[in-house]
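Here the structure is laid out as structure tokens; the discussion comes afterwards.
Counting starts at 1 for both ligands and their atoms, in listed order. Heavy atoms only: backbone and side chains are in, while hydrogens, waters and symmetry mates are out.
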Amino acid sequence: MKDPIIRIENVSKQFGTLKALDGVTNQIQRGEVVVIIGPSGSGKSTLLRTLNGLETVSEGNVYIDGVNIVDTRVNINKLRSKVGMVFQHFNLFRHKTALDNIIMPQTVVLNRKRKEAEDVARKLLEKVGIPEKAGNYPDQLSGGQQQRVAIARSLAMHPKIMLFDEATSALDPETVGGVLQLMKDLATEGMTMVVVTHEMGFAREVADRVIFMDGGQILEEATPDEFFDRPKNSRTITFLSQIL
Ligand code: ADP
Ligand code: MG
């Protein structure tokens with residue numbers, strides 16, 4: 001087995017008396033696309049958030065590209081530029097244009113000159129399919145377009161890993177497909193991706209591996225075919241019967 005780009009070792013996360021993560025261990029290889037599914041409250045978001053330092057862990061270790069990010073000396077900006085995250089609700093700056101949303105983190109975090117950052121931003125707006133929206137503010141964009149800007153903003157940091165937390169859950173049905181296609185293109189280009197989603201079509205088609213979580217634990221993981229056609233864990237079976 002090659003060196004994994006993500007190594008999660010016996011990670012637990014406690015919120016008061018609640019164990020949001022309970023002894024999670026997993027390894028993700030470079031270029032792998034892992035889809036995480038599971039009921040609401042099962043710890044999916046908490047797990048993603050621990051991978052880019054948005055959440056500290058109560059126990060265990062998380063290695064990103066060989067660096068233990070639980071170590072308090074880790075440079076959080078460096079980590080966040082390595083590990084991009086896309087959220088359900090885009091989290092764009094409302095008072096900045098699409099272009100400026102993509103420029104800002106580059107100048108702030110990577111110290112890029114404005115001109116260079118703008119060139120990167122324009123190329124990425126092209127890549128995500130909305131070059132003509134550079135001057136629009138978030139509220140002048142559809143949900144799908146805002147999510148494209150958010151993805152471009154993450155990509156501008158040249159991340160090694162992209163995390164998607166229900167990135168299409170807040171979108172109108174007619175814009176979901178375009179964003180999923182964009183995610184699929186990223187996967188095809190070799191991006192390492194960890195994707196929390198309810199889109200089982202995407203999981204089946206794009207995932208190399210599907211992980212099922214419940215109660216803060218990984219209860220099952222398998223290739224998509226195995227996972228959807230021959231689930232083994234009784235809670236996986238119940239969950240799939242409810243959503244498929
Ligand atoms: P999922 O994304 O699978 O729906 P989450 O990871 O968001 O689940 O949450 C897992 C559990 O941790 C839930 O019970 C949730 O209420 C709790 N939780 C998440 N974040 C916090 C927080 N900041 N403070 C307290 N409890 C939290
Ligand atoms: Mg969540």
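- Against a heavy-atom cut-off of under 4.0 Å, Ser42 is close to the following atoms of ligand 1: 1 (P), 3 (O), 8 (O).
- Listed by number with element, the atoms of ligand 1 under 4.0 angstrom from any heavy atom of Leu18 are 11 (C), 12 (O), 14 (O), 17 (C).
- Using a cutoff of 4.0 Å between basic side-chain nitrogens and carboxylate oxygens, Arg7 and Glu9 are scored as salt-bridged.
- Considering every non-hydrogen atom in both Lys160 and Ile5, the closest pair reads CB-CD1, 4.0 Å.
- From Phe227, atom CZ reaches atom CE of Met200 across 7.5 Å, with rounding to the nearest 0.5 Å.
- The Mg ion (ligand 2) lies under 2.8 Å from an N, O or S atom belonging to Ser45.
- Protein heavy atom nearest atom 7 (O) of ligand 1, with residue, atom name and distance: Ser45 CB, 3.7 Å.
- Contact annotation: Gly41 has at least one heavy atom less than 4.0 Å from an atom of ligand 1.
- Checking side-chain atoms of Glu126 against main-chain N and O of Lys123 turns up no donor-acceptor pair under 3.5 Å.
- Looking at atom 3 (O) of ligand 1, its nearest protein heavy atom turns out to be Lys44 NZ, 2.8 Å.
- With hydrogens and angles ignored, the 3.5 Å screen pairs no side-chain donor or acceptor of Arg204 with any backbone N or O of Pro224.
- Here the protein heavy atom with the shortest distance to atom 19 (C) of ligand 1 is Phe15 CE1, 3.5 Å.
- Under 4.0 Å from ligand 1, not a single heavy atom of Leu47 appears.
- Judged by distance alone, the side chain of Gln145 and the main-chain N or O of Ser142 form a donor-acceptor pair under 3.5 Å.
- Protein non-hydrogen atoms do reach within 4.0 Å of atom 26 (N) of ligand 1.
- Close N/O approach between Gly43 and ligand 1 is found [any backbone or side-chain N/O within under 3.5 Å].
- Residue Pro39 approaches ligand 1 through these ligand atoms, each under 4.0 Å from one of its heavy atoms: 3 (O).
- In this model, a donor atom of one side chain and an acceptor atom of the other lie less than 3.5 Å apart for Glu220 and Thr236.
- Across the listed options Asp214, Ile37, Thr46, Leu48, Thr46 owns the non-hydrogen atom lying nearest to atom 9 (O) of ligand 1.
- A salt bridge does not link Arg230 to Glu226: none of the charged nitrogens lies less than 4.0 Å from a carboxylate oxygen.
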